[in-house]
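Heavy atoms only: backbone and side chains are in, while hydrogens, waters and symmetry mates are out. Predicted model, so just to flag it, every value in this text is computed and none were measured.
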Amino acid sequence: MTSMSRARVARRIAAGAAYGGGGVGLAGAAAVGLVLAEVQLARRRVGNGTSPHVPHADGLYGRTYAGPVEAPLRLTMLGDSTAAGQGVHRGGQTPGALLASGLAALAERPVELRTVATPGARSDDLDRQVALVLADPGPVPDICVIMVGANDVTHRMPPTRSVRHLASAVRRLRTAGSEVVVGTCPDLGTIEPVRQPLRWLARRASRQLAAAQTIGVVEQGGRTVSLGDLLGPEFAENPRELFGPDSYHPSAEGYATAAMAVLPTVCASLGLWPAEEERPDASRREGFLPVARAAAEAASEAGTEVAAAMPSGPRGPWALLKRRRRRRVPEQEPAPASPSN
C-alpha cells in the first residue's frame with residue numbers, strides 16, 4: 001500500500017472514530033476468512049501474550065540527582081504488555097525503567113515511575129487505566145507514555161473503536177495537564193511464527209492502525225512515535241536477539257531499542273531536548289506535512305515522531321514530522337519504591 005493510500009485509509013478511520021462510525025475494516029472480511037486457519041496456528045505457536053508475570057519497575061530513578069528544590073519528574077506508563085515490559089526478567093530491563101533512567105540522566109533530575117499498563121490490554125482498557133492515573137491524590141504525571149494497538153489487531157477490534165478510545169485517553173490526560181507520547185501499533189508482520197499470507201495482512205493492518213492512531217493522538221495534543229522497530233526490520237533480521245523466549249514479546253535488547261526510539265520525543269515534549277534539534281532538518285527528510293500524510297509516512301518508518309504544528313491548512317490540520325537522533329543510556333535499577341507506590 002502506498003503512503004497516499006495509507007493516508008486516505010487513516011483519515012477515514014480517524015474520522016469514523018471522531019464521529020462514531022465503526023465499519024472501516026483493516027484487512028477485509030473475505031481475506032480474514034481465507035487465513036482463519038493460519039491465525040489459529042499462529043496463536044497456538046506464539047501464545048496470546050496474557051501471562052501475568054511482569055517485573056516490578058516502579059520507583060525512583062536518578063536518585064543521585066535529588067536536590068532540595070525540584071520534585072522528581074513523574075512518568076507513567078499505560079497500555080499493554082509492551083508498555084509493562086512483559087517478557088524480561090528484571091525491572092531495569094522494562095521500557096518504563098529505561099525511559100525513566102534516560103529521562104533522569106538528560107534532565108539531571110530524579111524521575112518517579114508508575115506503571116498501570118496491563119498485559120493483554122486493548123485500547124478499550126485505556127479508560128480504566130486513565131481513571132487510575134487521575135485518581136492518584138498526588139500531582140498529575142508530567143509525562144504519560146502509552147504503548148497500545150497490537151492486541152487490537154490480533155483480536156480484530158474495529159479500528160475506529162480502537163482510535164476512539166486512544167484519542168479519548170489522550171484528551172483526558174492532556175486536559176489534566178500531562179504531556180502524552182504514544183508509541184503506535186508495532187508491525188506484527190514480523191512475528192517469527194507467523195507465515196504468509198497472514199504475515200502480509202498483519203503488516204498491513206498494523207500500519208493502517210498506526211497511521212490512524214497518529215491522527216487521533218495529534219488532534220488531541222499528543223505526540224506519536226512509530227514503533228515499527230519493536231517488531232520490525234531489526235527483529236526480522238535478528239529474531240533470536242530481539243525477540244524473547246516466546247517469540248512474541250521483545251527481549252531486553254528489543255525493549256531497549258523501542259525505549260530509545262521513544263526517549264527523544266519524551267524529552268522534547270518536556271522541553272529537555274537540544275533547541276537546535278527542534279527545527280526540521282531537510283537532510284533527514286523532516287518537515288511540515290498534512291497530518292494524514294505525516295501519519296502514513298511515520299507508520300512506514302520506525303522511530304519517526306509526529307506532533308501537531310499549524311491548526312489548519314488547505315488540506316486540513318498540519319503536523320511536524322521528525323526523525324530524532326537516539327541517545328542510549330545505561331540501564332539502572334530503581335531505588336526501593338515508596339509506600340505510596
Side-chain angles (χ1 to χ4, degrees), residues 3 6-7 9-11 13-14 17-18 75-80 82-83 95 99 117 123 126 130 143-150 152-153 159 162-174 178-188 206-232 257-270 273 278 280 284-310 316-324 326:
S3 177
R6 188 175 296 116
V9 173
R11 277 197 300 265
I13 294 172
L75 164 66
T76 298
M77 301 292 296
L78 304 91
D80 56 22
T82 301
L99 287 171
S123 293
L126 292 176
V130 170
I143 178 75
C144 289
V145 175
I146 304 173
M147 297 180 178
V148 75
D152 298 24
V153 174
S162 175
V163 173
R164 188 181 308 127
H165 283 290
L166 176 58
S168 173
V170 174
R171 180 172 61 252
R172 292 170 65 191
L173 293 169
R174 293 289 293 128
S178 179
E179 297 293 334
V180 181
V181 173
V182 175
T184 56
C185 182
D187 182 355
L188 298 179
S206 301
R207 291 185 176 182
Q208 285 181 5
L209 180 57
Q213 286 177 319
T214 296
I215 296 175
V217 169
V218 169
E219 288 180 345
Q220 299 302 327
R223 303 187 189 208
T224 64
V225 179
S226 167
L227 286 187
D229 267 355
L230 185 64
L231 297 172
T257 299
M260 293 308 102
V262 174
L263 178 61
T265 300
V266 167
C267 292
S269 70
L270 295 171
W273 207 242
E278 292 306 297
R284 298 207 298 262
R285 295 178 292 117
E286 299 177 345
F288 298 96
L289 295 169
V291 65
R293 183 177 164 195
E297 291 202 11
S300 301
E301 185 169 343
T304 305
E305 173 189 322
V306 180
M310 311 169 207
W318 284 60
L320 173 61
L321 184 146
K322 289 191 67 65
R323 297 174 172 87
R324 296 186 184 275
R326 304 178 196 178

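Of all the heavy atoms in Gly216 and Ala167, the pair that sits closest is O-CB, 3.9 Å. Heavy-atom minimum distance, Ile215 versus Ala295: CG1-CB, 3.9 Å. Nearest heavy-atom pair across Val306 and Ala319 is CG1-CB, 3.6 Å. The minimum heavy-atom distance linking Leu99 with Ala259 is given by the pair CD2-O, 3.3 Å. Scanning both residues, Ala307 and Arg223, for their nearest heavy atoms gives CB-CG, 3.8 Å. Of all heavy-atom pairs spanning Leu78 and Ala117, the tightest one is C-CB, 3.7 Å.
Of the residues Val181, Thr265, Thr214, Val262, the one that meets the side-chain contact (heavy atoms from CB on, under 4.5 Å) test with Glu305 is Thr265. Test Val182, Leu75, Val180 against Val145 for side-chain contact (heavy atoms from CB on, under 4.5 Å) and you get one pass: Leu75.
A distance-only check finds a donor-acceptor pair linking the side chain of Ser226 to the backbone of Ala298 [under 3.5 Å]. The closest donor-acceptor contact from the side chain of Arg323 to the backbone of Arg285 lies under 3.5 Å. Checked by atom type and distance alone, the side chain of Gln220 never pairs as donor or acceptor with a backbone atom of Leu166 at under 3.5 Å.
Here the side chains of Leu173 and Ile146 are in contact, with some heavy-atom distance below 4.5 Å. Put simply, the side chain of Glu179 reaches to within 4.5 Å of the side chain of Leu270, judged on heavy atoms. Residues Asp152 and His165 are not in side-chain contact: their nearest non-hydrogen atoms beyond the backbone lie 4.5 Å or more apart. Between Ser168 and Leu126, every side-chain heavy-atom pair lies at or beyond the 4.5 Å cut-off.
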Evaluate the side-chain contact (heavy atoms from CB on, under 4.5 Å) criterion for residues Val163 and Leu209: first the C-alpha distance (whole Å), next the side-chain angles of each, then the deciding distance (0.1 Å), finally the verdict. CA-CA 8 Å; Val163 173; Leu209 180 57; 4.1 Å; yes

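For the atom pair SG of Cys185 and CD of Gln208, the computed distance is 11.0 Å after rounding to the nearest 0.5 Å. The structure places CG of Leu321 at 11.0 Å from CZ of Arg284, a figure rounded to the nearest 0.5 Å.
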